Each structure stands twice: as structure tokens, then as C-alpha cells.
Colleague: 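One structure follows; several queries about it will come next.
The structure displayed is predicted, hence computed values, not measured ones. For ligands, and for the atoms within them, numbers begin at 1 and follow the listed sequence.
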Amino acid sequence: MSKQTKFLLPESELPTHWYNLNADVGPLGVELPPVLNPQTKEPVTPDDLAPIFPMALIEQEMGAERHVEIPEAVRDVYRLWRPTPLYRAHRWEEALDTPAKIFYKYEGVSPTGSHKPNTSVPQAYYNAEEGVQRLTTETGAGQWGSALSFACQMLDLECLVYMVKISYEQKPYRRVLMETWDATVTPSPSDTTEAGRRILEQDPDSSGSLGIAISEAVEVAVQDEHAKYALGSVLNHVLLHQTVIGQEVIKQLERAGADWPDVIIAPTGGGSNFAGLVYPFLAAHVDGRPKPRILAVEPDAAPSLTKGQYTYDFGDTAQMTPLVKMRTLGHDFVPAPIHSGGLRYHGMSPQVSALYEAGHIEAVSTPQLPMFDACQSFVRAEGILPAPEAGHGVWGAMQEALACKESGASKTILFNLCGHGHFDLSAYEAYRAGELVDLEYSQDEIDKSLAAVPQID
Ligand SMILES: *Cc1c(COP(=O)(O)O)cnc(C)c1O
């Protein structure tokens, strides 16, 4: 019998709606506390958010409609790479000598190489619909900046990206990609904003931080009536847009004749690719299907689920965002400079945090060396080079597969391979040269930054 390896869907099977978890918090027994205005400590209103986001996205952020229709213009752009393939990892199963059946959804086939355009495209679309002319954002290593640059090019918007200066100088390739899509990329801190000038006055050689870049991007959006700001993870509307991933997977598993998965695994930074894979399975559970074990994998260096506290905190270091209740390490926490730049965030999306509190999901963390070991094992069997962020899902799947080898159980394991590592070859080079170290996180530092979160009762 031939071993079918890829399970592809025709474009006609592209999802027509996104699935909104807000609609099912009741049946799931999950409580979602309100987002608070940091000045008044009252729940935020749409008017509070209107200077930075378009109304359609604010409605999606707060709305509870179970299925939100995907505009045809967004589906047209999705068709450039969606539906994405689901793979059965026959070769890796053999290499690991496991009786487990391993499936992975591959989001690295998008134009930017990750799941992020699933949300950058609709965000650009709704802004364009409301007459916005330019979007601003921040980017660290450049994954989100490239996704937004691509989307703005597709939807005819200008894109202004504030890129953390050290990455701008040390990681030129994603910058070149963004500029090729016609974005304006500015190293942050810059003299184009008040926030940037203030930092440069104190420290002309500042290498920048995500917090400073956010302040610059938000300042430009607030001051320019034709500009708004876009965020690549954490918020409800971002997680909503990612649910095309899991919806496709459910159809693909059916076509594969596969069992309903026993365990679903995804890496978590702010929670968006995790939500994208997992939420449609929670919806199916509400509709009567069994609930798989659901496992979030985070880096030891930014362990918001496993070591954080569930409390109100700012979404950013600069304390410009509303207060959200989430698992957080404290907004001052600066994760060690691991190679998984996309997972270096102090908090976890409020929805994913609430699911964790309610006991619907489990979380584990890993240092980066064993994660790269798992990626090497995977790439030698399957050929696809995972982004280090995605490697956390690979590591999680490998642990489960090896546990099956131990127990003899033939479980069905599903994970999200949310991006390729073609822009991360310097990390692989360091790994192969034996130069990668496991950076210890410090409980002291977590305690210190947690002491600085605002007290809300
Ligand atoms: C940005 C990114 C992440 C982390 O963000 P989430 O919102 O947690 O998904 C993970 N993997 C890749 C490949 C990314 O680009």
C-alpha cells in the first residue's frame, strides 16, 4: 500500500468563515475578564481603541458571533498559498521508531514563510475598507514586519515598519524582503518620533527594543489621521483570523482517514498559531466531539504559561496598551536572547491564558538546545527546516512520539509546523558549530518583574 504523505485540499475547500472562541466561552466554562483602560480602570470602549484600530477589527475583538465571514477579497489573497498541506510524517515516525502516527500542518508555504499572513491580510483589508492609507507596526527579527509588508502590498496600503535597531543591522535579509514589498523600514529608536528622540537623547547608541519600537509605531498611528496600527499576535481578532489553520486540518484528517487526534501540539509566543490550530478542535468539542489533549510549548527563556502569574498587566514594556488579564512574567521582563525571537514575549494572549486557567490546555517549556536537536532529527527525516519558533512544536511532538515508543501506544499526534527556518540559518550554523548555549532564565528576575505589575482587584 502506498504511504500517502501530503493531504491537500482544493481551493474550493478554503474556509469561508473564521471561528470565534468568544462565542463558546459559556459552554467551555471559560471566563474572559474585560480589558481595562489603564487610566480609569474601567472596561475599554470601542472609542478607546478607535485611534489605532479600524472599527471592523474592534468589533471582531469584542464580538461573540460564532462564525465570522471571510471577505471574498481576503480569500482571493489567501488563495496564493492556502489551503496549506497537512503531512503525515512517515519518515520521521520510522526514524524515531515510534508506533505513533504523526501529522503536521505546514504553514511555511505562505509568501513570508509563516502563519502570520493569515492575519496581516485581513487586517490590511479592513483598514483599506475604512479609508486608512498606511499601517504602522513594530518588528523584531522581522517575521511580523514582513507579513504586514506583504499584506499592505496586496491591499494597496503604505506600510511603515519600526524595526529594532540591532536586528535591522544584524539581520538584513528580512528588511530587504520588506523593502522589496515596498515597505518603509526604519531602525528604532529613530528621530522620526517623540518617543524615539527621547531615547536617543539619553542614549544615542541605543540598540532598541520591541517596547521602544511599539511606542514609535503607535505614536505615528495616533498622530496621523490616515494611519492605523497593526499587531501580529495576542489580540482576539488576530487569533480569530488564524482559525483557518485548524478548520483545514479537520477536513484533511478526514480525507486521510485518520483517527481524531489524541494530542495536539503548537508553540506559543503570543498564542496565535496555537489558537489557529487548536480552536476549531475546541469548537468541535462543543459540538460533541472528544477533546484531544492540547499542549502548548514555550521556551524556557519566556515561560509565561508555565511560570507566569494570571493577573492584569500591560501588553507592552512602554505601558501604552490597555490592561489585559493574562499569564504574564511582568511587562518589564526581558527574555534572554534565544534564537526563537518570535517567542520572546512576556505575556500570553488573554484567551489562551483563560483556557489554561480553565484546565483546557497543558503547557511545557524547553531550553533551545534540545529543541534544535529535535529540529535536526525532523529535518533529516522530513527535509523541511523548521523556524526555531516552530521547532518548539517539533520538540513537543518528539517527546510524545518517544513516550509512545516507550508505552507501545499508537497515538495520533498532530502539531503545527508554523514556519520555515530559511531566514534563521545563522542559528542553525551556531547550533552545528556547537556554539549554542542554553540560556538560564532566572526566577529572581521573574519575581522582580512580577512585583511591578499593576495591582487591580
Ligand atoms: C511570530 C511567530 C511565532 C509566535 O507567535 P504566536 O502568536 O505565538 O504564533 C511562532 N512561530 C513563528 C514561525 C512565528 O513567525
Colleague: Among protein heavy atoms, which lies nearest atom 10 (C) of ligand 1, and at what distance?
Modeller: Glu389 CB, 3.5 Å
Colleague: In the protein, which heavy atom is nearest to atom 4 (C) of ligand 1, and how far is it?
Modeller: Gly342 O, 3.3 Å
Colleague: Which heavy atom in Arg88 sits nearest to a heavy atom in Lys101, and how many Å separate them?
Modeller: NH2-CG, 3.5 Å
Colleague: Which of these, Phe274, Tyr19, Trp260, sits in a ring pair (Phe, Tyr, Trp, His ring centres under 6.0 Å) with Phe281?
Modeller: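 Among the candidates, only Trp260 passes.
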Colleague: Is there any N or O on Gly270 that sits under 3.5 Å from an N or O of ligand 1?
Modeller: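 Such a contact does occur with ligand 1.
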Colleague: Give a yes or no answer on whether the side chain of Tyr162 reaches the backbone of Pro189 with a donor-acceptor pair at less than 3.5 Å.
Modeller: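 Not a single qualifying donor-acceptor pair exists.
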Colleague: Note the single closest protein heavy atom to atom 14 (C) of ligand 1, along with its residue, its atom name and the distance in Å.
Modeller: Lys116 NZ, 2.8 Å
Colleague: Which protein heavy atom lies closest to atom 8 (O) of ligand 1, and at what distance to 0.1 Å?
Modeller: Gly269 N, 2.7 Å
Colleague: What atoms of ligand 1 come within less than 4.0 Å of a heavy atom belonging to Thr268?
Modeller: 8 (O)
Colleague: Are side-chain N/O atoms of Asp24 and Tyr279 paired as donor and acceptor at under 3.5 Å?
Modeller: no
Colleague: Test your reading of the structure: does Gly271 have an N or O sitting under 3.5 Å from an N or O of ligand 1?
Modeller: yes
Colleague: What pairs with Val132 under side-chain contact (heavy atoms from CB on, under 4.5 Å), at least two apart in sequence or on another chain?
Modeller: Asn127, Leu135, Lys228
Colleague: With respect to His115, determine whether any N or O atom, backbone or side chain, lies less than 3.5 Å from an N or O atom of ligand 1.
Modeller: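 Yes - when backbone and side-chain N and O of His115 are compared with those of ligand 1, one distance drops under 3.5 Å.
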Colleague: Quick one: look up the protein heavy atom nearest atom 7 (O) of ligand 1 and list residue, atom name and how far away it is.
Modeller: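 Atom 7 (O) of ligand 1 sits closest to the protein heavy atom Ser233 OG, 2.5 Å.
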Colleague: Looking only at distance, does Asn273 have an N or O less than 3.5 Å from an N or O of ligand 1?
Modeller: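 Yes: some nitrogen or oxygen of Asn273 is under 3.5 Å from one in ligand 1.
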Colleague: How would you list all residue pairs meeting side chain to side chain donor-acceptor pair (under 3.5 Å) that involve residues 334-350, not counting sequence neighbours?
Modeller: none
Colleague: Closer than 4.0 angstrom, basic N to acidic O: yes or no for Glu400 and Lys411?
Modeller: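 No, this pair does not count.
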Colleague: How does Val234 reach ligand 1, by side chain, by backbone, by both or by neither, if only non-hydrogen atoms under 4.0 Å count?
Modeller: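 Answer for Val234: neither.
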Colleague: Any carboxylate oxygen within less than 4.0 angstrom of a Lys/Arg side-chain nitrogen, looking at Lys116 and Glu107?
Modeller: no
